[in-house]
Amino acid sequence: MVAGGDPGVAGSATAQEHWSSRFAFVMAAVGSAVGLGNLWRFPAEAGQNGGGAFVIFYIACVALIGLPLLLSETLIGRHGKSSAVESVRVVARESGGSTAWSALAVVGAIASFLIVSFYSVIAGWVLYYIGVFAGDLFASIGNGNLTGGAFAGQSAEQVQGLMPALFDNNAVMLPLHALFMGLTIYVVARGVTGGIEKVAVYLMPAFFILFLGITVYGAFSGDFAEALAFMFAFDPARLLHGPVMLSALGQAFFSLSLGSAIMITYGAYADRGVNLAKTSGMIAACDTSVAIIAGLCIFPIVFAAGLAVDSGPTLMFQTLPASFQTMPAGSLIGLLFFVMVFFAALTSSVSLLDAPTNWIRYKFGWTRARTAVLVGGLAFVIGIFSALSFNVMGEWYPLDFIAMFREQNFFGVVDGFTGKIMLPLSGLLTAIFIGWVADRRLTDAENGISGGLHLFWRFLVAWLCPIALTVILILGIFPELIG
Ligand code: PHE
């Protein structure tokens with residue numbers, strides 16, 4: 001039936017698993033897409049790249065490049081019904097192409113593995129802030145001061161100092177990294193129906209409720225008008241600005257979990273009845289709305305507190321906590337905010353660990369649990385170096401002799417190498433594979449669209465995606481080309 005292991009035999013180590021419903025599939029895929037990329041990275045990038053121009057270009061990237069690729073990836077998985085690597089092989093073989101195309105999924109699975117190593121470190125910071133705000137909430141209940149802002153009696157500098165203090169403290173950062181990775185391993189080890197989709201169908205709806213609640217709260221008590229103006233101000237001069245376009249496409253890839261073997265893996269758990277075009281559209285729409293609403297959630301709060309919107313990666317962990325200080329019921333809102341971020345991060349890290357785990361377990365015929373522990377354990381160890389990049393190893397530049405990694409520490413190198421090279425490379429290969437190699441009858445039978453829309457999809461996959469991704473790759477590797 002299907003190559004790789006012996007999926008037909010119930011109970012065999014690599015039996016192909018299935019989502020128990022379409023809802024579970026959509027929640028898991030949205031859960032993978034919606035994560036730190038939307039809540040932490042998107043507002044930071046938008047803030048640093050001037051708001052409106054970035055946002056507009058980002059939306060174009062999602063619609064014209066992200067969405068066609070998302071459909072291509074889920075389609076490969078659903079047809080191959082195996083690990084991402086095996087699924088590409090199945091499609092290649094049936095199309096009379098070389099099975100070497102499976103390299104696209106190998107690159108993707110390794111990228112996922114590397115990303116989860118540092119993703120878990122950042123998610124560990126989220127756990128830290130949950131602890132900090134929970135402690136503050138208890139203290140304010142004790143004082144009978146529930147309606148006041150967070151961290152009563154502390155100066156804004158003290159609150160902003162939480163983050164540097166955390167970064168200096170490996171005794172806190174490393175255990176939290178271990179805790180988050182442990183949770184991720186546990187969920188992945190429990191399997192598709194027992195772990196991955198359970199987490200998704202409970203945590204994602206909870207996420208959406210918290211998310212909308214906090215946004216509405218921010219809109220009423222923060223400076224919503226200014227945030228709106230900032231996010232949607234149209235400045236044509238910045239629109240065609242190379243670096244802005246580059247970061248928008250990179251962000252679209254990261255945010256939709258593309259080029260990481262994840263959507264192939266998740267597509268393989270989907271049944272024949274699911275319309276992949278519709279599902280992909282839904283995933284992209286949810287992901288983009290969450291990113292934009294995250295901006296509309298965070299910026300009003302930041303503007304109201306009069307803090308800087310272009311603070312970048314520290315926006316969520318430093319600027320925002322200080323903003324909660326000035327808000328009514330700030331400690332409660334802060335706690336809910338970071339719990340919400342944790343939900344989003346866990347459903348993403350689970351997908352990041354599942355893609356490489358599934359590849360390895362098919363390859364060696366190991367059980368899911370054993371593979372998850374080994375792969376996740378190794379990712380944890382590599383992640384330690386990313387954590388240390390925020391303190392003792394901060395000025396160790398392992399690849400300083402390469403232009404694109406100059407003055408980048410270990411974390412910077414792993415982040416840059418995966419985001420700027422591996423994900424776009426895997427995406428480029430996917431586009432060429434589906435656009436030029438895969439049998440049309442096969443893709444037509446899987447994708448769930450017809451007529452003009454279908455032709456448009458083929459055009460985007462065969463032409464626009466390869467060209468845009470080649471440009472991205474070249475500019476990512478030779479940043480000096482755009483100064
Ligand atoms: N898409 C997830 C996020 O936005 C994380 C992720 C990145 C997952 C890259 C897979 C690949 O946080």
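This structure is a prediction, so every number in the text was calculated from the model and none was measured. Whatever order the structure lists them in is the order used to number ligands and atoms, beginning at 1. What you see below is based on every heavy atom in this structure, not just the backbone, and it leaves out hydrogens, waters and symmetry mates.
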Which of the atoms in ligand 1, numbered in the order shown and given with their element, are less than 4.0 Å from a heavy-atom of [X]?
{"X": "L36", "result": "12 (O)"}
{"X": "N38", "result": "4 (O)"}
{"X": "S260", "result": "10 (C), 11 (C)"}
{"X": "S255", "result": "1 (N), 4 (O)"}
{"X": "G37", "result": "3 (C), 4 (O), 12 (O)"}
{"X": "I115", "result": "9 (C)"}

Between [X] and ligand 1, which part of the residue brings a heavy atom under 4.0 Å of the ligand: side chain, backbone, both or neither?
{"X": "L352", "answer": "side chain"}
{"X": "S257", "answer": "both"}
{"X": "D287", "answer": "neither"}
{"X": "Y119", "answer": "side chain"}

Just need the protein heavy atom nearest to [atom], so name the residue and atom and give the distance.
{"atom": "atom 4 (O) of ligand 1", "value": "A33 O, 3.0 Å"}
{"atom": "atom 1 (N) of ligand 1", "value": "F254 O, 2.9 Å"}
{"atom": "atom 2 (C) of ligand 1", "value": "S32 O, 3.2 Å"}

What residues form a ring pair (Phe, Tyr, Trp, His ring centres under 6.0 Å) with F343, not counting sequence neighbours?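 For F343 there are no ring pair (Phe, Tyr, Trp, His ring centres under 6.0 Å) partners, ignoring immediate neighbours.
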Can you tell me how far the OG1 atom of T430 sits from the CH2 atom of W101, to the nearest 0.5 Å? 9.0 Å
For the residue pair [X] and [Y], categorise the inter-ring angle as parallel (less than 30°), tilted (30 to 60°) or perpendicular (more than 60°).
{"X": "F207", "Y": "F211", "value": "parallel"}
{"X": "W125", "Y": "F317", "value": "perpendicular"}
{"X": "F364", "Y": "W366", "value": "parallel"}

Per side chain to side chain contact (heavy atoms under 4.5 Å, CB included), I472 is matched among I421, L428, I65, L249 by L249
Within the distance-only criterion (no hydrogens, no angle test), does the side chain of N409 pair as donor or acceptor with the backbone N or O of W396 below 3.5 angstrom? no
Among side-chain atoms of N38 and R41, is any donor-acceptor pair under 3.5 angstrom?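 Side chains of N38 and R41: no pair found under 3.5 Å.
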Do Y58 and F42 make the cut of ring centroids closer than 6.0 angstrom?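 When the ring centroids of Y58 and F42 are compared, they turn out to be within the sub-6.0 Å range.
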